[in-house]
Student: 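Got a structure here, written out as structure tokens. Questions coming.
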Amino acid sequence: MPELPEVETIANGVHARVQGQQIVAIWTSGKPQTFKSTETEIAEALTGAIVESVRRVGKTIVLTAGRGPASRNEQKPRPGQVEFLIHLGMTGRLLVSQPEVTLPPHTHAVLTLADGREIRFVDPRRFGRLSIYKPTSGKQGPEAPYKGQGCEPLTISLKEFIALFQGRRTPIKAALLNQSLLQGVGNIYADEALFGAGIRPQRQAGRLTRDELVRLRKSLQAVLRHAIKLGGSSVSDYVDAEGRRGFFQLRHKVYGRAGQPCTVCGTKIRKITLAGRGTHFCPVCQK
DNA sequence: CGTCCCACCTGATTGC
DNA sequence: TGCAATCAGGTGGGAC
């Protein structure tokens, strides 16, 4: 479901609402594949800890929790500090709710906070994953599971961006979706970015000109920033931490608009399958 | 290693 | 109306 702008919106929303709160209790559903760490490990790591921050890395939400006073150097992990990693998959939600609000179906984890509110992880399709990472565990500690992956699309330099696609024979759309190249770009924003840059999704990534890659990076960053500003895209049931829908779906130029006129030239938007995903483009504006 | 394709799930929508 | 087929914002593993 959620791509970079939706995950960013949720992480920021949860951060603003729960930072500094102590987690006093945890409940989990027991649906095995939802949990990459054992439920016992999750409960032990988080019970009694204080939420220090909630942020986005790629499409993963990283909730950092600690015991004792916050460190002066925020960069360095302290002993006892843990990271709760939440990947929302296609249909995952992370909600901050009052306890009296009815628990939605398909709730798989509930973190009860000291003031009574609850952080709830809800995921009908169960493609989402929850895990614990301990930055200080082991001698060196393994690299965090969300690191060593692709670059952040919002901060990548032009030089790095161009280098990503060198020599790749795969279609540019598939390359944009590849999380080991760029993390956070999903199906909606790949299509929208390619439309903005005037590039057909089928084009071989390695054969794009420097000029086209300049436009693509610009277009991708503009689309992501705009979407974050509007709280993400609510295509079916996406909502933020407070249950509010986003508004960027109203600005989609191609995604979900098959058969409708292109906003620039009026040609019918076409839909094909590429890299196993529904892919939308304007056959005239995109070369 | 790069790339392709399917499996993993439930629910909403489409089509017969 | 009813039921089956199709599709959905993502990823990870196996095959080639």
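Sequence lines set the chain letters: A, B, ... in the order given, protein chains first and strands last, and positions in each chain run from 1. The structure presented is a predicted model; accordingly, all values stated were derived computationally and were not measured. All values below come from the heavy atoms of this structure, side chains included, with hydrogens, waters and symmetry mates left out.
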Student: At less than 3.5 Å, do the side-chain atoms of A:R125 and the base atoms of C:dA8 form a donor-acceptor pair?
Tutor: yes

Student: Can you find a donor-acceptor pair, distance only, under 3.5 Å between A:R126 side chain and B:dC9 base?
Tutor: no

Student: State which of C:dG9, B:dC4, B:dC9 makes the closest approach to the side chain of A:P171.
Tutor: B:dC4

Student: Is the shortest side-chain N/O distance from A:T170 to OP1 or OP2 of B:dC4 below 4.0 Å?
Tutor: yes

Student: Between B:dG11 and A:H106, is there an OP1 or OP2 to side-chain N/O distance shorter than 4.0 Å?
Tutor: yes

Student: Please report the distance, rounded to the nearest Å, between CG in A:L130 and P in C:dT11.
Tutor: 15 Å

Student: Are A:D191 and A:K173 within salt-bridge range, i.e. N to O under 4.0 Å?
Tutor: yes

Student: In whole angstroms, how far is the P atom of B:dC9 from the CG atom of A:L88?
Tutor: 18 Å

Student: Could you check whether A:Y238 and the base of C:dG9 form a stacked pair, meaning centres closer than 5.5 Å and planes differing by less than 30°?
Tutor: no

Student: Without swapping roles, check the side chain of A:Q286 against the backbone of A:C282 for a donor-acceptor pair under 3.5 Å.
Tutor: yes

Student: Students often mix this up, so state it plainly: with edges at 30° and 60°, are the rings of A:F248 and A:H226 parallel, tilted or perpendicular?
Tutor: perpendicular

Student: Verify the contact: side-chain N or O of A:Q179 to OP1 or OP2 of C:dG10, cut-off strictly under 4.0 Å; return yes or no.
Tutor: no

Student: Would A:F127 count as stacked on C:dT11 if the rule is ring centres under 5.5 Å and plane angle under 30°?
Tutor: no

Student: Quick one: which of A:L274, A:L176, A:L177, A:L194 gives a side-chain contact (heavy atoms from CB on, under 4.5 Å) with A:P171?
Tutor: A:L274

Student: Where the side chain of A:E6 is defined as all heavy atoms beyond and including C-beta, which of C:dG9, B:dC4, C:dG10 is the nearest nucleotide?
Tutor: C:dG9

Student: For A:Q183 and C:dG9, what is the distance between atoms CD and P respectively, to the nearest whole Å?
Tutor: 20 Å

Student: Any base atoms under 4.0 Å from A:G186, or only sugar-phosphate, or nothing? Heavy atoms, all strands.
Tutor: sugar-phosphate

Student: Of the options C:dG12, C:dG10, B:dC9, whose atoms approach the side-chain atoms of A:Q33 most closely?
Tutor: B:dC9

Student: Taking atom P in both C:dG9 and B:dT14, compute the distance separating them and give it to the nearest angstrom.
Tutor: 15 Å

Student: May I ask you to decide if A:G48's main-chain N or O and A:Q22's side chain share a donor-acceptor pair within less than 3.5 Å?
Tutor: yes

Student: Any idea which heavy atoms bring A:A241 and A:R17 closest together, and the distance?
Tutor: CB-NH1, 4.4 Å

Student: Hey, does A:Y189 reach any base, or is it just sugar-phosphate, or nothing, if we go heavy atoms under 4.0 Å?
Tutor: nothing

Student: Using whole Å, what does the distance between atom C1' of nucleotide B:dT10 and atom CG of A:D123 come to?
Tutor: 10 Å

Student: Describe the nucleic acid contact of A:K271 in one word from base, sugar-phosphate, nothing, applying a heavy-atom distance below 4.0 Å.
Tutor: sugar-phosphate

Student: Could you check A:T28 against A:E39 for side-chain hydrogen bond (donor to acceptor under 3.5 Å, both in side chains), going step by step and ending with a plain yes or no?
Tutor: CA-CA 7 Å; A:T28 50; A:E39 292 169 80; 2.6 Å; yes

Student: Rounded to whole Å, please give me the gap between NE2 in A:H280 and C1' in C:dA8.
Tutor: 10 Å

Student: Determine the minimum heavy-atom distance between A:S219 and A:A193, stating which atoms define it.
Tutor: OG-O, 2.6 Å

Student: Could you tell me how far apart A:L181 (CG) and C:dT11 (P) are, to the nearest whole angstrom?
Tutor: 13 Å

Student: I want to check one thing: is the phosphate of C:dG9, taken as OP1 and OP2, less than 4.0 Å away from some side-chain N or O of A:R277?
Tutor: yes

Student: A quick test of your reading: do over 12 heavy atoms of other residues, nucleotides or ligands sit less than 6.0 Å from CZ of A:R245?
Tutor: yes

Student: Can you find a side chain N or O atom of A:K59 that sits less than 4.0 Å from OP1 or OP2 on C:dG10?
Tutor: yes

Student: When Watson-Crick pairs (N1 to N3 and N6-O4 or O6-N4) and G-U wobble pairs (N1-O2 and O6-N3) count only below 3.5 Å on both distances, what is the dot-bracket string of DNA chain B, with | for other-strand pairs?
Tutor: .|||||||.|||||||

Student: Nearest-Å distance, OH (A:Y255) to P (C:dC7)?
Tutor: 13 Å

Student: Rounded off to whole Å, could you give me the CD1-to-C1' distance for the A:I86 and C:dG10 pair?
Tutor: 16 Å

Student: Under 4.0 Å, counting only non-hydrogen atoms across every strand here, what does A:R168 touch: a base, just sugar-phosphate, or nothing?
Tutor: sugar-phosphate

